[in-house]
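In what follows, a structure is listed as structure tokens, so that the remarks can point back to it.
Predicted, not measured: the structure shown is a model, and the values here were computed from it. All ligand and atom numbering here is 1-based and tracks the order in the structure.
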Amino acid sequence: MYLVTGATGNIGRELVDALAAAGQPVRALTRRGELPARPAPSASSPSPASSPSEESSTSRAPLEVVRGDLDRPETLAGPLAGVRGMFLLPGYRDMPGVLAEARRAGVEHVVLLSGSSAASGDRSNAVTDYMVRSEEAVAAAGVPWTVVRPFAFMSNTLRWLPQLEAGDEVREPFPDAPAAVIDPADIAAVAARVLTAPGGQAGAIHTVSGPQSLLPAERLRLLAERLGRPLRLVALGPDEARAELDRTMPAQYAAAMADFYLDGSLDESPVLPTVEALLGRPPRTYAQWLDTHAAEFPAARLASPV
Ligand SMILES: NC(=O)c1ccc[n+]([C@@H]2O[C@H](COP(=O)([O-])OP(=O)(O)OC[C@H]3O[C@@H](n4cnc5c(N)ncnc54)[C@H](OP(=O)(O)O)[C@@H]3O)[C@@H](O)[C@H]2O)c1
């Protein structure tokens with residue numbers, strides 16, 4: 001049995017699908033104990049997780065959905081019962097407590113999601129700090145582990161949604177930060193491969209990127225073409241960007257994002273060979289991500305109320 005945390009999230013949804021499509025028994029953990037139906041992919045594109053090349057079996061295993069809260073390790077004993085492999089998100093209140101529950105339950109392998117900034121070890125950055133804290137907890141837990149450190153997700157494009165619903169302009173705080181953004185479906189495919197691999201890759205740290213480095217303006221141009229909308233990027237200056245970050249997230253995370261992408265402490269522009277090395281195929285392109293997710297974006301500016 002595999003336990004997938006964050007099963008309603010960008011990676012977790014894909015991982016649940018990938019494991020189930022490969023015939024593996026899956027338990028999806030959510031705080032509400034429910035797994036909402038996924039939006040239908042755009043007609044031109046099958047769900048990436050159902051790619052037959054990554055299935056080892058054509059019969060889907062039954063899916064269990066369980067309730068649990070990663071901020072409350074005491075809620076995890078039931079969900080962890082009988083689990084062999086666990087996919088774990090980082091940054092919760094008591095990561096050693098979560099991992100102690102996994103060890104008590106006899107889990108044989110934890111795949112921890114982290115982030116590429118963990119490599120710097122800069123604990124003055126609040127995001128890096130919670131990634132490093134989580135990696136240290138998994139390394140100390142006495143359960144075999146593998147860490148996956150992804151670059152920024154293609155699904156961060158969905159953060160433009162409120163602006164795309166209001167009009168054709170997108171105000172972007174990091175216009176000069178290129179990134180080899182990765183499809184969460186590829187992160188899930190890597191996690192599925194590592195979880196189910198014989199011998200399990202214990203102790204490995206995999207940093208994973210997408211196949212091309214793109215500036216926000218290049219991503220917006222591809223989105224505009226896909227939606228058939230005349231979208232325009234409005235590049236925020238550094239002061240405007242900092243004010244926008246402060247307005248939209250807690251201060252320590254606003255400072256962390258500014259440190260990464262305005263001060264340039266994090267370079268996610270290199271294209272890495274890891275996904276292809278692990279999966280035997282290149283990572284999915286941004287255009288492929290857009291094909292799968294186009295239906296989640298408004299095709300045109302919504303009419304203003306008269
Ligand atoms: N976005 C990026 O570019 C990026 C890059 C590197 C690493 N990461 C890391 O990737 C992870 C996912 O990021 P995302 O932005 O794509 O978010 P997401 O996967 O869309 O959503 C987060 C998931 O976490 C679950 N969750 C939240 N609080 C929980 C709790 N207390 N107990 C159990 N589950 C909880 C949510 O489930 P419910 O609300 O349904 O319970 C949801 O499924 C984050 O840990 C982030 O640090 C993100």
Measure the distances from the heavy atoms of [X] to every atom of ligand 1 and state whether one is below 4.0 angstrom.
| X | answer |
| --- | --- |
| Thr5 | no |
| Glu34 | no |
| Gly12 | no |
| Ser114 | yes |

- Item | side-chain contact (heavy atoms from CB on, under 4.5 Å) between Phe87 and Leu113, intermediate numbers included | CA-CA 7 Å; Phe87 174 74; Leu113 183 77; 4.0 Å; yes
Selection from [options] by shortest heavy-atom distance to [atom]:
| atom | options | result |
| --- | --- | --- |
| atom 9 (C) of ligand 1 | Leu158, Ile182, Leu113 | Leu113 |
| atom 24 (O) of ligand 1 | Val98, Leu89, Ile187, Asn156 | Leu89 |
| atom 48 (C) of ligand 1 | Phe151, Tyr92, Phe153 | Phe153 |
| atom 18 (P) of ligand 1 | Gly9, Pro36, Pro150, Ala7 | Gly9 |

What I want to know is whether [X] and ligand 1 share at least one N or O pair that is separated by under 3.5 angstrom.
| X | answer |
| --- | --- |
| Arg31 | yes |
| Leu70 | yes |
| Thr30 | no |

Would you mind checking if [Y] and [X] are paired as a salt bridge, meaning a charged N to carboxylate O distance below 4.0 Å?
| X | Y | value |
| --- | --- | --- |
| Glu136 | Arg133 | no |
| Glu244 | Arg247 | yes |
| Arg123 | Asp129 | yes |
| Asp186 | Arg193 | no |

- Task: Return the orientation label for the Tyr253 and Tyr130 ring planes: parallel under 30°, perpendicular over 60°, tilted otherwise.
- Result: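 Judged by the thresholds at 30° and 60°, the geometry between Tyr253 and Tyr130 is perpendicular.
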- Query: Are the side chain of Arg229 and the backbone of Gly167 linked by a donor-acceptor contact shorter than 3.5 Å?
  - Reply: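 Judged by distance alone, yes, a pair lies under 3.5 Å.
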Counting from 1, what ligand 1 atoms have a heavy atom of [X] closer than 4.0 Å?
| X | value |
| --- | --- |
| Pro90 | 45 (O) |
| Asn10 | 14 (P), 16 (O), 18 (P), 19 (O), 20 (O) |
| Asp71 | 31 (N) |
| Asp69 | 30 (C), 31 (N), 32 (N) |
| Thr8 | 36 (C), 37 (O), 38 (P), 40 (O), 42 (C), 43 (O) |
| Ala152 | 3 (O) |
| Tyr130 | 46 (C), 47 (O) |
| Arg159 | 1 (N), 15 (O) |

- Query: Counting heavy atoms only, which part of Met131 comes closer than 4.0 Å to ligand 1: side chain, backbone, both or neither?
  - Reply: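 Side chain only.
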- Would Leu161 end up clustered with Val181 when hydrophobic side chains under 4.5 Å apart are linked, directly or stepwise?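 Yes, one cluster joins them.
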- Task: Please determine which of Leu63, Val65, Leu29 meets the side chain to side chain contact (heavy atoms under 4.5 Å, CB included) test together with Val16.
- Result: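 The passing option is Leu63.
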- Are any of the protein's heavy atoms under 4.0 angstrom from atom 2 (C) of ligand 1, yes or no?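 Yes, because at least one protein heavy atom sits under 4.0 Å from atom 2 (C) of ligand 1.
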- Does the side chain of Arg67 reach to within under 4.5 Å of the side chain of Glu34, using non-hydrogen atoms?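 The answer is no, as the side chains (C-beta and beyond) never meet within the 4.5 Å cut-off.
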- Distance only, no hydrogens: is a donor on one side chain within 3.5 Å (strictly under) of an acceptor on the other, for His109 and Thr146?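 Distance-only check passes for His109 and Thr146.
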- Query: Between atom OG of Ser213 and atom CG of Asp267, what is the distance when rounded to the nearest 0.5 Å?
  - Reply: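 Answer rounded to 0.5 Å: 7.5 Å.
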